[in-house]
Amino acid sequence: MAFIRMETMDEFQETDEWLEAEMGDEEMNSCCLGDLVVIINTRGAVPTAKGAYPVRYGLYGEIRTRAFAFHFNPTGEIRYMRGLTQAWPHPWEWLKRSWGNDWVYYSVGLDRGQGRVKEWVGEDYLPCLSYESNAIREVTPYTEPGIASSFSAWSQVYGTLCTSNLEGLTEEMRDFVERVIRKNDDNTLMAQAEDLHGIIGGRVSVLPPDTRRVDYEVIPVNIADGCLYKCRFCTVKSRAPFAPKTDTEIAEQIEALKGFYGSNLQNLNAIFVGDHDALAAGIERISFAATLSYEAFGFERPQGGTPSLFLFGSAGSFLSSDEATFERLEALPYKVYINLGLESVDGPTLKELGKPITPEMVRDSLYKMVRVNERYPGVEVSANFLLGTTFSDPHRETLMTLLSELPESARKKGCVYLSPLVETQRREEVLPMFHEMKEKSVISVYVYLIQRL
């Protein structure tokens with residue numbers, strides 16, 4: 001993968017000044033601690049803002065060296081890192097640490113001739129994951145010298161903070177630095193991620209691809225364990241029997257999540273209602289969890305805009321959902337995104353995958369998806385299909401035909417995600433398949449990158 005580099009230091013400085021302007025007119029509280037610049041109580045964009053640059057959300061703190069900027073949650077955990085010199089590939093690229101304690105690098109560049117990032121994933125950046133996933137191209141930005149050095153630079157900054165004399169700082173500034181020291185020990189960060197997974201019953205193995213719309217910043221609320229279908233090909237969904245949770249279990253979980261996130265809730269504006277087929281748990285559980293979360297997490301605050309709710313559905317649960325279900329979803333104080341795992345419209349392929357649905361169910365689901373998207377402004381449904389060199393010609397041909405024959409209204413809303421299998425061989429052959437599907441499809445088509453939490 002080729003990374004775009006800025007030609008002059010002036011371009012870095014001008015971009016940085018532009019980013020500072022994005023933060024608004026809030027007066028920054030700053031001080032120097034040796035060679036470090038410490039900035040607190042900076043207010044960035046609202047959680048619904050989007051941009052082709054590292055948008056800074058809500059309230060955060062920052063520590064800068066001459067070469068790097070480090071951003072922190074209101075509770076003190078490190079959240080973002082970005083380079084400030086020409087050693088950094090591009091000023092609009094950055095590293096983000098997830099609540100699951102994974103680092104993700106967000107890139108704006110692709111190889112020449114491979115298309116723009118937005119054509120691939122629907123956003124202006126490509127998340128480059130630090131763990132095994134299903135990317136079409138093998139991307140390893142973590143070996144770039146400028147990026148790799150950010151981790152050692154952060155270790156040095158953390159060591160400096162731990163050995164610094166804080167007596168000369170204001171009480172507010174000292175409190176911030178002490179939170180950073182207390183929260184960013186490696187064992188503490190790991191334990192925090194384990195606490196989150198303990199609350200919801202385990203790591204979220206895969207987030208809905210539509211969570212790209214909120215930069216994957218979602219609060220996970222689990223209303224049902226397991227999956228209706230135990231497809232043989234799937235490596236990311238639970239093998240446990242499908243089991244909805246009780247209202248009491250859901251309420252206790254939401255209360256625990258409220259305590260876990262604490263003051264960071266002001267920077268969050270979306271929930272993922274899990275696990276792998278929340279739609280099958282029924283509209284009553286979905287509505288109960290959504291309403292309680294709205295109140296508990298403070299989503300009524302006007303500066304955050306309309307919050308988002310994401311969930312998975314299956315062909316079976318989606319086809320069995322009646323109009324009353326979508327009317328209830330439409331009435332929720334959220335923009336609701338439902339993602340369906342359909343995988344193939346070819347019968348033999350579905351059988352080989354071990355997916356217990358029929359081609360007719362897949363076609364009916366896709367056409368119903370278009371109708372729901374057209375009828376309900378506050379509900380948007382997307383669908384996933386598999387892509388790879390190991391699939392038969394009928395798999396690709398039937399899918400291409402189906403996508404090309406959808407009604408014109410499908411252009412206006414919703415999308416289809418093509419998910420490369422992790423074990424796909426000859427990855428260089430998959431991207432042309434994707435571009436061919438995208439060109440012939442009526443509905444928007446993007447790559448599904450499997451991200452965990």
Side-chain angles (χ1 to χ4, degrees), residues 45-50 57 122-123 207-224 250 254 265 268-275 277-315 317-342 364-384 406-417 442-444 446:
V46 298
T48 52
K50 298 289 290 183
Y57 296 115
E123 303 297 333
L207 287 168
D210 290 314
T211 55
R212 64 180 172 84
R213 300 175 184 276
V214 294
D215 290 345
Y216 306 93
E217 290 292 310
V218 294
I219 301 171
V221 178
N222 196 10
I223 67 171
I250 295 170
I254 291 172
L265 288 172
L268 297 166
N269 204 42
I271 60 173
F272 162 50
V273 178
D275 197 8
D277 193 352
L279 192 60
I283 188 58
E284 293 300 333
R285 282 187 181 84
I286 296 170
S287 181
F288 176 79
T291 303
L292 198 59
S293 294
Y294 188 88
E295 299 169 354
F297 303 149
F299 287 160
E300 76 281 355
R301 57 186 183 277
Q303 68 269 27
T306 302
S308 300
L309 184 154
F310 302 90
L311 69 154
F312 283 118
S314 61
S317 62
F318 184 62
L319 290 173
S320 63
S321 297
D322 57 15
E323 294 301 316
T325 296
F326 297 107
E327 289 171 1
R328 291 277 299 275
L329 292 173
E330 176 75 18
L332 291 174
Y334 295 85
K335 176 64 184 291
V336 178
Y337 295 91
I338 304 171
N339 180 250
L340 309 175
L342 302 181
D364 289 347
S365 293
L366 206 59
Y367 277 91
K368 182 175 180 177
M369 178 186 90
V370 174
R371 293 195 302 272
V372 169
N373 286 341
E374 188 174 13
R375 180 169 181 178
Y376 298 98
V379 178
E380 184 165 332
V381 187
S382 62
N384 308 326
L406 291 175
E408 281 297 309
S409 59
R411 296 186 188 277
K412 300 178 182 179
K413 189 179 172 188
C415 64
V416 161
Y417 294 97
V442 174
I443 196 169
S444 297
Y446 302 112

Step-by-step side chain to side chain contact (heavy atoms under 4.5 Å, CB included) determination, V336 to L311 | CA-CA 8 Å; V336 178; L311 69 154; 3.9 Å; yes
Go through the steps for V416 and L342 under the test side chain to side chain contact (heavy atoms under 4.5 Å, CB included), then give the verdict.
-> CA-CA 10 Å; V416 161; L342 302 181; over 6 Å; no
For the pair L366 and M369, evaluate side chain to side chain contact (heavy atoms under 4.5 Å, CB included) and give the outcome as yes or no after the intermediate values.
-> CA-CA 5 Å; L366 206 59; M369 178 186 90; 3.7 Å; yes
Decide side chain to side chain contact (heavy atoms under 4.5 Å, CB included) for F297 and L268; before the verdict, give the C-alpha distance in whole Å, the side-chain angles of both, and the deciding distance to 0.1 Å.
-> CA-CA 8 Å; F297 303 149; L268 297 166; over 6 Å; no
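In this structure, E380 does not pair ionically with K413, as no charged nitrogen and carboxylate oxygen lie closer than 4.0 Å. Checked for salt-bridge contact, E408 and R411 meet the test: a charged N lies under 4.0 Å from a carboxylate O.
Counting all heavy atoms, side chain and backbone alike, G378 lies closest to E330 at N-OE1, 2.8 Å. Summarising the geometry of T306 relative to N269, their closest heavy-atom pair is O-ND2, 3.6 Å, with the distance given to 0.1 Å. Closest approach of I338 to D210, counting heavy atoms only: O-OD2, 4.2 Å. Annotation for V273 and A278: closest pair O-CB, 3.3 Å, computed over non-hydrogen atoms. In terms of heavy-atom proximity, N339 sits nearest to A383 at ND2-N, 4.1 Å. Nearest heavy atom pair, residue N373 against residue G414, reads ND2-CA, 3.6 Å.
Test F312, F326, Y367 against F318 for ring-ring contact (aromatic ring centres under 6.0 Å, His included) and you get one pass: F326.
Inter-residue side-chain proximity for P307 and I271 is flagged as unmet; no heavy-atom pair is nearer than 4.5 Å. Here the side chains of K335 and R213 are not in contact, with every heavy-atom distance at 4.5 Å or above.
Remark: the backbone N or O of N222 is not paired with any side-chain donor or acceptor of D275 at under 3.5 angstrom. One N or O on the side chain of Y334 and one on the backbone of Y294 form a donor-acceptor pair closer than 3.5 Å. Of the possible donor and acceptor atoms, none in the side chain of D215 sits under 3.5 Å from a partner among the backbone N and O of E217. At least one donor-acceptor pair under 3.5 Å links the side chain of S293 to the backbone N or O of A289. Judged by distance alone, with hydrogens and angles left aside, the side-chain atoms of T291 form a donor-acceptor pair with the main-chain N or O of S287 at under 3.5 Å.
Aromatic ring centres of F272 and F310: separated by at least 6.0 Å.
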